[in-house]
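Below, read A as the first sequence line, B as the second, and so on, with proteins coming before strands; counting in each chain starts at 1.
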Amino acid sequence: MTKVLIVTGPTASGKSRLALDLARIYPIEVISADSMQVYRYMDIGTDKATLEERKTVPHHLIDIKDPDEAWSVEEFQQRARVAINDISSRNRLPCIVGGTGFYIRALLYDFPLEDAPPNPEFRHRMKALAKLKGRITVHEMLRNIDPESYQGLHPNDLKRVIRAIEYYQATNRPISARKHQARCSIYDAMMIGLEWKRQELYEKIENRVEEQFQRGLINEVKNLMKMGYTRDLPSMQGIGYKEVCWMLEGLITEPETKEILKRNTRRFAKRQFTWFAREEGIIWLPFGKHTSQSKLLNQVQILIDDWLLA
RNA sequence: GGAGGGGUACCCAAGCGGCCAAAGGGGGCAGACUGUAAAUCUGUUGGCAGACGCCUUCGCUGGUUCGAAUCCAGCCCUCUCCA
């Protein structure tokens, strides 16, 4: 099986930095598992590795889309797998770095996604129906075709309700059946997670937001808007971008923007904690403001050396 | 000094005799997640208990009443206007 190194953890936990350090020891190439770093011109808000850093170590799946281009887990899955093959065929070690747990799951396991592509017209129709007749009506459509999803999905969870119906229409099978497929990894993966105490991470997040403002987050968003990328784009819904959009539209002041951005980032980190908590196979290494980077590196090195030999 | 308004749970804010541990929102906490996932959705939020339930709350003190966040009196804060 192809060996794949994974570095994950909540936002602001120091994943990119660790990857960069590892690159000095191992012949790795980074594949970003980050749903926002794929977009060009969004650098400060997504906290991308700098251009210089990316020159030292090859980075894949960063800056590959314009902010108004479509992007999805499925495309991530395909392209990341291609990248993995490419990297390991050149006898280098693929290193997945990112905090988008869904992406990592879709990548690592036998996780079929190609059987029911999204159907925008259908979604549009269903959304209109929900508006006209209520979300419950749409939810009810699931009752017979996919009782398990009907049970498990809240009527308000329109996106997923519609997707479940869409999936059934495309495949004639309930989407819930996919959950029951045993999860089997298709790579020899070494998963390292950076574990932080909640409070310390939150402090780190607040500092990072301040830095982002100093580094010119506002200008970055202004430029994006100048290029014609509007607030309704999924990319512009990213944390940091939507808040600054509100500010530029005069809805909130700058201090308010910072506070809201800090809060939204904290909440995001919490959602990541929740996700990772039930993800199996991650080796969590304690990290925090008092942990030295070299100590962390040593720990990681021991793990990786062991795994590489096995 | 005079006239009027207001003090409700972490915050804002409804309630104005019993159905009130108290609507709604914010924030907090927790959870879900198989096609834009930094998105989206859900639950919970005085204390104790697994549960029937028990205990402490609506500025403070006292009163009316079978019963008060809701009525009365005094006091303390606070806001607007007039002087």
Quick note, Y103(A) side chain, CB onward, closest among U36(B), U34(B), C41(B) is U36(B)

Is the backbone N or O of N223(A) less than 3.5 Å from a side-chain atom of Y41(A), with the two atoms forming a donor-acceptor pair by type?
no

Counting any heavy atom closer than 4.0 Å, what does D34(A) reach on the DNA or RNA strands: base, sugar-phosphate only, or nothing?
base

Base, sugar-phosphate, or nothing for R263(A), non-hydrogen atoms under 4.0 angstrom?
sugar-phosphate

Hey, are the side chains of F122(A) and M126(A) touching, using non-hydrogen atoms and a 4.5 Å cut-off?
yes

Heavy atoms under 4.0 Å, any strand shown: does S35(A) hit a base, just sugar-phosphate, or nothing?
base

Roughly, in whole Å, what's the span from CZ in R278(A) to P in A30(B)?
16 Å

Counting heavy atoms from C-beta on, name the nucleotide in C41(B), A39(B), G28(B) closest to the side chain of H154(A).
C41(B)

Is Q237(A) touching bases, backbone alone, or none of the nucleic acid, heavy atoms closer than 4.0 Å?
sugar-phosphate

Looking at every strand, decide which applies to G45(A) at a 4.0 Å heavy-atom threshold: base, sugar-phosphate, or nothing.
base

Pairwise C1' distance for U45(B) and U34(B), with rounding to whole Å:
32 Å

Between the side chains of T265(A) and R208(A), does any donor sit under 3.5 Å from an acceptor?
no

Options G28(B), G31(B), A37(B), nucleotide nearest the side-chain atoms of R160(A):
A37(B)

Watson-Crick and G-U pairing of RNA chain B written in dot-bracket, each distance under 3.5 angstrom, with | for inter-strand partners:
((((((((.[[[..)..(.....]]]((((((.......))))))(((....)))...[[[[[..)....]]]]]))))))).

With RNA chain B as reference, determine whether F111(A) or K242(A) sits nearer its 5' end, using the nearest nucleotide of each.
F111(A)

Answer yes when E166(A) and R163(A) have at least one side-chain N-carboxylate O distance shorter than 4.0 Å, and no when they do not.
yes

Phosphate OP1/OP2 of U40(B) contacted by R163(A) side-chain N/O (<4.0 Å)
no

Strictly distance-based, threshold 3.5 Å: is any side-chain N or O of S185(A) a donor or acceptor partner for the main-chain N or O of Y187(A)?
yes

Sorted by position of nearest nucleotide on RNA chain B, 5' first, the leading residue of Q272(A) and E75(A) is E75(A)

Heavy atoms under 4.0 Å, any strand shown: does R266(A) hit a base, just sugar-phosphate, or nothing?
sugar-phosphate

Under the criteria of a ring-centre distance below 5.5 Å and an interplanar angle below 30°, is F102(A) stacked with the base of C33(B)?
no

T100(A) side chain: which of A37(B), U40(B), A30(B) is closest?
A37(B)

Candidates U36(B), C33(B), A38(B) - which lies nearest the side chain of T274(A)
C33(B)

Between C41(B), A39(B), G28(B), which one does the side chain of N156(A) approach most closely?
C41(B)

With heavy atoms under 4.0 Å as the rule, sort T265(A) into base, sugar-phosphate or nothing.
nothing

Expressed in whole Å, how much space separates the P atoms belonging to C81(B) and U42(B)?
43 Å

Counting only N and O atoms by type, is there a donor-acceptor contact under 3.5 Å from the side chain of K204(A) to the main-chain atoms of K289(A)?
no

Does D188(A) pair with K3(A) as a salt bridge, N-O distance under 4.0 Å?
yes

Looking at E29(A) and I87(A), would you say the former's side chain and the latter's main chain have a donor-acceptor pair under 3.5 Å?
no

Under 4.0 angstrom, heavy atoms only, what part of the nucleic acid is R135(A) near: base, sugar-phosphate, or nothing?
nothing

